[in-house]
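Quantities reported herein were computed from a predicted structural model and do not represent experimental measurements. Counting starts at 1 for both ligands and their atoms, in listed order.
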Amino acid sequence: MASEIVRDVPSPVRETREHWGSDAIAAMLRALDVPYLALNPGASYRGLHDSIVNYLGNERPQMLLCLHEESAVAIAHGYAKATGRMMGVVLHSNVGLMHGTMAIFNAWCDRMPMLILGATGPWDASRRRPWIDWIHTASDQGALVRDYTKWDNQPASVTAAYEALLRAAQMANTPPRGPTYINLDAALQEAKIGELPPLPDVSRYQPPAAVQPDAAAIRRAAELLSAAKNPALLIGRVSRSVEAWRARVALAEKIQARVFTDIKAPCAFPTDHPLHAAPPATFPDGKLLRDCDVIASLDWIDTAGTLKAAWGDAPLTAKVIRISADAYVHRGWSADYQGLPPSDVYLMCEPDVAVPLLLEAVRGRPAAVQPRAEPKQEADTAVSIRALARTFNELTQGMDVCLAKLPLGWHGAYRHFRHPLDYLGADGGGGVGAGPGLTVGAALALNGTKRMVVGIMGDGDFLMGNTALWTATHYKLPCLFLVANNRSFYNDEMHQERVAKERGRPVENKWIGQRIDEPDIDIAMMARAQGAIGIGPVRELAELKPAIERAIGEVKKGAVCVVDVRVLPGYDAPVAGTGASATRR
Ligand SMILES: Cc1ncc(C[n+]2csc(CCOP(=O)(O)OP(=O)(O)O)c2C)c(N)n1
Ligand SMILES: [Mg+2]
């Protein structure tokens with residue numbers, strides 16, 4: 001369990017019989033056991049703000065001040081990734097919500113629970129202050145986020161707010177999980193209400209018990225897997241439970257299935273297990289999958305796309321078992337649902353539920369797969385992401401590490417994952433700038449445990465979200481940032497290269513509108529400016545190990561530390577949509 005964090009403690013407040021609407025809302029948040037509220041302040045919720053500080057004493061929930069709404073949401077996202085638990089976010093009327101939208105989209109695509117509170121200038125126009133309450137009042141504010149939240153509501157009374165919060169919490173935590181949004185009218189927050197209406201009994205509004213799949217469908221799936229010559233498991237979105245991790249390993253071993261994992265999702269299977277077929281990748285190796293005759297997709301993010309990559313236009317020869325409850329949240333606006341996969345058996349439940357049932361029902365077969373040989377390692381000659389990874393691995397041997405973010409140029413073979421908290425997956429929606437907030441959120445979740453939280457991220461990602469660091473330094477949440485700084489939005493240089501080649505135009509212009517230099521940004525100084533320790537820039541291979549070693553030591557002592565590692569542009573991994581597999585050194 002994470003330990004308590006630094007808290008800004010309010011001066012004592014005299015008890016009064018008078019209460020305001022927002023006191024009731026704050027009491028409800030405590031009843032719902034919301035641990036934290038990440039926020040950036042705004043007058044539209046000054047009522048609630050006062051209630052958290054002066055009515056609740058700034059605890060349960062405790063405020064976490066953030067310098068940008070995008071980091072507030074990303075922190076809640078990172079916290080949910082590490083714990084499976086929902087925390088709260090408060091976003092100022094319309095402008096704050098607008099700042100938070102990309103991060104909400106990321107959390108939505110990542111199916112992470114989150115309670116988002118918003119506010120609106122008094123809905124009653126006669127109560128609005130001139131100008132500011134008018135620009136910060138919008139009809140149907142929920143419309144800004146409705147397409148990527150599970151539910152939204154603007155309650156018109158305190159008792160309606162109780163119910164709205166109960167429902168929002170229940171829905172956020174019902175699989176497939178996701179963010180919900182409650183918009184609180186400033187007038188409701190600031191209304192004098194005397195005594196608080198009695199709070200509902202929260203224990204009677206819990207999320208439902210896990211949905212169990214149909215027994216006959218489990219038997220059919222088990223029969224397919226048992227009869228398969230060469231079964232495969234595509235393991236996508238699953239929980240952080242150690243028990244569920246072990247059940248997946250047991251299932252794979254019992255049927256001798258090849259296992260594929262996805263670098264976009266949190267780690268789901270020991271990557272050094274002989275049955276783990278290939279390093280976790282954005283796009284798994286089609287060739288390996290094409291040999292498989294039965295494929296079980298355990299909430300794999302893009303099953304249809306993966307099958308298409310393997311079979312192309314040829315007929316799909318494998319039988320497919322689809323295990324996913326995700327379609328419950330598929331909507332029209334965002335195509336994050338991916339292509340529609342065929343399925344011979346469709347179990348509409350969470351993989352954590354289906355795996356133990358399948359494990360019980362399948363017939364075992366003797367081990368046949370040979371242990372996988374580790375690829376031969378060439379020595380590093382320059383500072384690259386690979387060199388960074390190797391140095392980091394060497395220095396963290398035997399240590400418990402939680403990787404809260406990895407850069408785009410990371411190859412899945414760079415490091416093994418052996419525990420559900422070893423790696424938390426990507427940002428969900430591909431919204432760059434999430435890395436710092438996700439790392440701080442994971443650091444909040446794992447604070448006081450012996451697992452060190454580390455975000456390894458691109459310079460573009462770091463620069464867009466770096467003010468999340470201040471929240472980590474203020475609340476003393478130790479974590480390590482290793483910035484793979486190629487001084488570019490390099491992923492897109494590769495796109496320009498591809499376009500130039502297709503058009504017969506000069507490839508050497510690909511850097512224009514992409515490179516972040518002249519001046520180089522002093523990332524270590526940005527860290528120091530926020531009370532973190534900044535190390536670097538590391539330019540020489542010889543400097544890399546001492547820099548990371550020092551950084552790990554500082555984080556062990558409780559610091560937030562950032563190392564600016566000037567890596568050469570170049571990826572070992574194929575890059576999304578560019579068709580490039582570039583190692584340009
Ligand atoms: C909010 C947002 N803006 C722009 C993009 C397009 N984009 C995808 S990857 C990328 C570059 C990220 O740069 P960095 O983190 O430094 O990684 P690098 O590509 O250099 O490896 C950009 C701009 C995006 N995905 N999200
Ligand atoms: Mg970059």
About how many Å separate CG of Asn393 and CG of Leu388, when rounded to the nearest 0.5 Å?
9.5 Å

Under 4.0 Å, heavy-atom basis, I'd like to know which part of Leu408 is in contact with ligand 1: side chain, backbone, both or neither.
side chain

Heavy-atom contacts with Asn491 under 4.0 Å: which atoms of ligand 1 show up? List them by number with element.
8 (C), 9 (S), 18 (P), 19 (O)

Applying a strict 4.0 Å limit to heavy atoms, is Gly430 in contact with ligand 1?
yes

Near the Mg ion (ligand 2), meaning under 2.8 Å, the protein N/O/S atoms are Asp459 OD1, Asn486 OD1, Ser488 O

Charged N to carboxylate O below 4.0 Å: is that the case for Arg111 and Asp336?
yes

Relative to the ring of Tyr79, is the ring of Tyr36 parallel (under 30°), tilted (30 to 60°) or perpendicular (over 60°)?
perpendicular

Could you tell me whether Val432 and ligand 1 have an N or O pair separated by under 3.5 Å?
yes

Please list, in number order, the atoms of ligand 1 under 4.0 Å from a heavy atom of Gly460.
13 (O), 14 (P), 15 (O), 16 (O)

More than 12 heavy atoms of other residues, nucleotides or ligands under 6.0 Å from CD of Glu378: yes or no?
no

Check ligand 1 against Tyr490 and write out every atom of the ligand that is under 4.0 Å from a heavy-atom position of the residue.
18 (P), 19 (O), 20 (O)

Under 4.0 Å from one or more heavy atoms of Asn486, ligand 1 contributes atoms 18 (P), 20 (O), 21 (O)

For Pro407, is the nearest heavy atom under 4.0 Å from an atom of ligand 1?
no

Between Tyr423 and Arg415, does the side chain to side chain contact (heavy atoms under 4.5 Å, CB included) criterion hold? Intermediate values first, please.
CA-CA 10 Å; Tyr423 171 55; Arg415 185 178 172 89; over 6 Å; no

Do me a favour and list the nearest non-hydrogen protein atom to atom 12 (C) of ligand 1 with residue, atom name and distance?
Phe489 CD2, 3.9 Å

For Trp151, is the CH2 atom crowded, meaning more than 12 foreign heavy atoms sit under 6.0 Å from it?
yes

What is the distance from atom CG of Asn94 to atom CD1 of Ile135, rounded to the nearest 0.5 Å?
7.5 Å

With a cut-off of 4.0 Å, which atoms of ligand 1 are near a heavy atom of Met102?
1 (C)

